[in-house]
Each structure stands twice: as C-alpha cells, then as structure tokens.
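Side chains included, hydrogens not; waters and symmetry mates left out as well; all remaining heavy atoms used.
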Amino acid sequence: MFPLLFGAGLVVLNLVTSARSQEPLSGSGDQLLFHGADRSDFAIMIPPAGIECFWQFARQTGYFYFSYEVQRTLGMSHDRHVAATAHTPQGFLIDSSQNVRGQINFSIKETGFYQLCLKNQQNHFGSVQVYLNFGVFYEGPEMDHKQKNERKQLNDTLDAIEESTQKVQNNIFHMWRYYNFARMRKTADFFLLQSNYNYVNWWSTAQSLVIVLSGILQLYFLKRLFNVPKTTDTKKPRC
C-alpha cells in the first residue's frame with residue numbers, strides 16, 4: 001500500500017511542477033516577462049547537413065545584433081560556409097546570411113522571442129564549429145521602466161549624471177562587441193594555424209619517407225648492375 005501512495009504522490013508532484021514550468025510568459029503589468037540574459041556568446045558544433053536554432057527575448061525599441069564565424073571544419077568536407085537566418089516571434093524571415101562570417105542587425109519592432117538558426121547545408125560529410133555572439137541592447141534604461149514611471153522628475157544635475165552614465169555604458173557595450181569580434185578572429189586564426197601546422201608536418205613526414213625509400217631502391221638496383229657472378233671450373237660465363 002505504501003509504494004502505491006508514494007507513486008501517486010510522485011505523479012501529483014510532477015503534474016504540479018510541470019504546470020508551474022508551463023506558465024505563460026506574457027504576464028500582466030505586475031509581472032515581468034522571464035527572458036533570460038540579454039547577451040550570449042559561445043561556440044557550437046553543427047553536424048553534417050545539420051541545423052541549430054536559438055531563441056532570444058527582446059523588447060520593443062531595442063536593437064538586435066547577431067554575429068557568427070566558422071572557426072574550423074571536421075570531416076571529409078572543408079567548406080566553411082554556413083547559412084544564418086533570423087525570424088520574428090511570428091516566424092517571418094527578417095534577414096539571412098551565407099558566408100564564413102557574417103552579421104545580422106536590425107531594430108526590434110515587437111516584443112517577443114526571436115529565432116536564430118544556423119544551417120550546415122554545404123557540408124554533407126563534415127562538421128563545423130561556429131562561434132556565436134548575439135543579444136539585445138537598448139539606448140535608454142529599459143530595464144527599469146516600471147521604476148522610471150514611479151520616480152519623480154530629477155533635477156538637472158542628476159539628469160546630466162544619468163545621461164553621462166548611460167553613454168559610458170553604451171560605449172563599454174560596443175567595446176565589448178569589438179572584443180568579441182577579435183576573439184572570434186583569434187580563435188579562427190588559431191585553428192587555421194594548427195591545421196596548417198599539422199598539414200605541413202604530415203606532408204614533410206610523408207615526403208621524407210618517400211625520399212628514403214627511393215634512395216634505398218636506387219642503391220639496391222645499382223648494386224645489382226655491378227653484381228658479377230662467380231666463375232668456377234664447371235660454371236663459366238659464355239661468350
């Protein structure tokens with residue numbers, strides 16, 4: 001009897017947990033939307049002829065940025081081109097890019113989750129490692145718009161301090177983006193140098209073995225040319 005009650009309790013607990021996890025994201029004015037981080041940067045491996053998609057929450061009046069770069073390829077195919085697409089929360093295509101590296105930037109017209117997809121459609125026999133950097137930034141202090149409506153009007157000094165602080169934050173954010181571009185290029189260059197290094201080493205080893213083997217064969221055939229058979233009373237060379 002106790003195992004049955006325990007199992008029933010687990011089922012009820014799972015139902016309650018799943019119901020809580022599936023709460024609607026669009027809340028009322030007293031409940032803010034759960035949207036996660038505004039910026040993300042990471043590397044991902046896309047299998048041959050595979051597709052990977054991500055979702056990023058963005059509020060209206062923001063600016064969306066999405067950049068990518070193929071760092072290396074693995075497998076038989078070495079085509080580094082991938083296709084990137086960005087879609088609205090309703091699923092409409094915003095922009096697309098198909099290259100080794102690219103950017104998709106646009107102004108946000110509506111609040112919701114935007115879809116970003118990467119397709120490894122050129123490589124049917126090789127995987128690609130792609131570095132991603134995407135997110136949303138806002139020119140104004142959009143994070144505290146509720147507090148902004150509740151606050152009273154500030155004096156000129158505090159307004160100037162707030163404006164200067166916002167400019168500094170925007171400049172730091174753009175510096176961070178340029179730093180991520182440098183990271184992408186540095187990693188891609190590192191994998192390229194490593195690939196060239198391995199290529200040169202393997203070819204040098206193979207060519208060295210071929211040279212040694214050809215020398216041994218030449219020496220063997222030259223020795224056979226000067227090989228004089230021994231003569232005896234019963235075995236003499238014919239005229």
>> Which residues pass the side chain to side chain donor-acceptor pair (under 3.5 Å) test with Trp203, not counting sequence neighbours?
In response: Tyr199
Non-hydrogen atoms of [X] and [Y] that approach each other most closely:
| X | Y | result |
| --- | --- | --- |
| Asp79 | Thr73 | O-CG2, 3.9 Å |
| Phe57 | Thr111 | CZ-CG2, 3.6 Å |
| Gly62 | Val136 | CA-CG1, 4.5 Å |

> Is there a donor in the side chain of Gln129 and an acceptor in the side chain of Gln71, or the other way round, less than 3.5 Å apart?
Replying inline: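 Looking only at side-chain atoms, Gln71 and Gln129 do form a donor-acceptor pair, the distance falling under 3.5 Å.
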> Do you see a donor-acceptor pair shorter than 3.5 Å between the side chains of Ser67 and Tyr131?
Replying inline: no
State, with a plain yes or no, whether a side-chain heavy atom of [X] is found less than 4.5 Å away from one of [Y].
| X | Y | value |
| --- | --- | --- |
| Arg72 | Ser195 | no |
| Ile104 | Phe64 | no |
| Tyr63 | Asn105 | yes |

Rounded distance [0.5 Å steps], [atom1] in [X] versus [atom2] in [Y]:
| X | Y | atom1 | atom2 | value |
| --- | --- | --- | --- | --- |
| Leu116 | Leu132 | CG | CG | 8.5 Å |
| Arg39 | Asp41 | CZ | CG | 9.5 Å |
| Asn196 | Asn201 | CG | CG | 11.0 Å |
| Ile108 | Thr88 | CD1 | OG1 | 12.0 Å |
| Lys109 | Gln60 | NZ | CD | 8.5 Å |
| Trp202 | Gln207 | CH2 | CD | 14.0 Å |

>> Checking the side chain of Tyr138 only, and the main-chain atoms of Arg59 only, is there a donor and an acceptor separated by less than 3.5 Å?
In response: yes
> So, does Ser40 use its side chain to make a donor-acceptor pair with the main chain of Phe134 at under 3.5 Å?
Replying inline: no
>> Going by side chain to side chain donor-acceptor pair (under 3.5 Å), name the pairs with one or both residues in residues 112-127, residues two or more places apart or in two chains.
In response: Ser77-Asn123, Asn120-Asn123
>> Is there a path of hydrophobic side-chain contacts, each under 4.5 Å between heavy atoms, that joins Val128 and Met45?
In response: no
> Would you say Ile94 and Ile51 are hydrophobically clustered, going by side-chain heavy atoms of ILVMFWY under 4.5 Å?
Replying inline: no
> Which other residues belong to the hydrophobic cluster containing Leu93, where Ile, Leu, Val, Met, Phe, Trp and Tyr are joined when side-chain heavy atoms lie under 4.5 Å apart, directly or via other members?
Replying inline: none
For a quick test of your reading: what N or O donor-acceptor pairs under 3.5 Å do the side chains of residues 211-222 make, sequence neighbours left out?
{"from": "Ser214", "atom 1": "OG", "to": "Val210", "atom 2": "O", "distance (Å)": "3.1"}
{"from": "Ser214", "atom 1": "OG", "to": "Ile211", "atom 2": "O", "distance (Å)": "2.8"}

> Checking side chain to side chain contact (heavy atoms under 4.5 Å, CB included) for the pair Tyr68/Val82: CA distance, chi angles, key distance, verdict?
Replying inline: CA-CA 10 Å; Tyr68 68 92; Val82 295; 3.6 Å; yes
>> Show every salt bridge (Lys or Arg N to Asp or Glu O under 4.0 Å) that has at least one partner inside residues 45-58, sequence neighbours left out.
In response: none
> Got a sec, which pairs hit salt bridge (Lys or Arg N to Asp or Glu O under 4.0 Å) with one end in residues 86-102, sequence neighbours left out?
Replying inline: Glu69-Arg101
>> Quick check on the 6.0 Å ring-centre criterion: do Phe54 and Phe66 meet it?
In response: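 When the ring centroids of Phe54 and Phe66 are compared, they turn out to be at least 6.0 Å apart.
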> Counting only heavy atoms not in Phe42, do more than 12 fall under 6.0 Å of its CZ?
Replying inline: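 Atom CZ in Phe42 is packed in, count exceeds 12.
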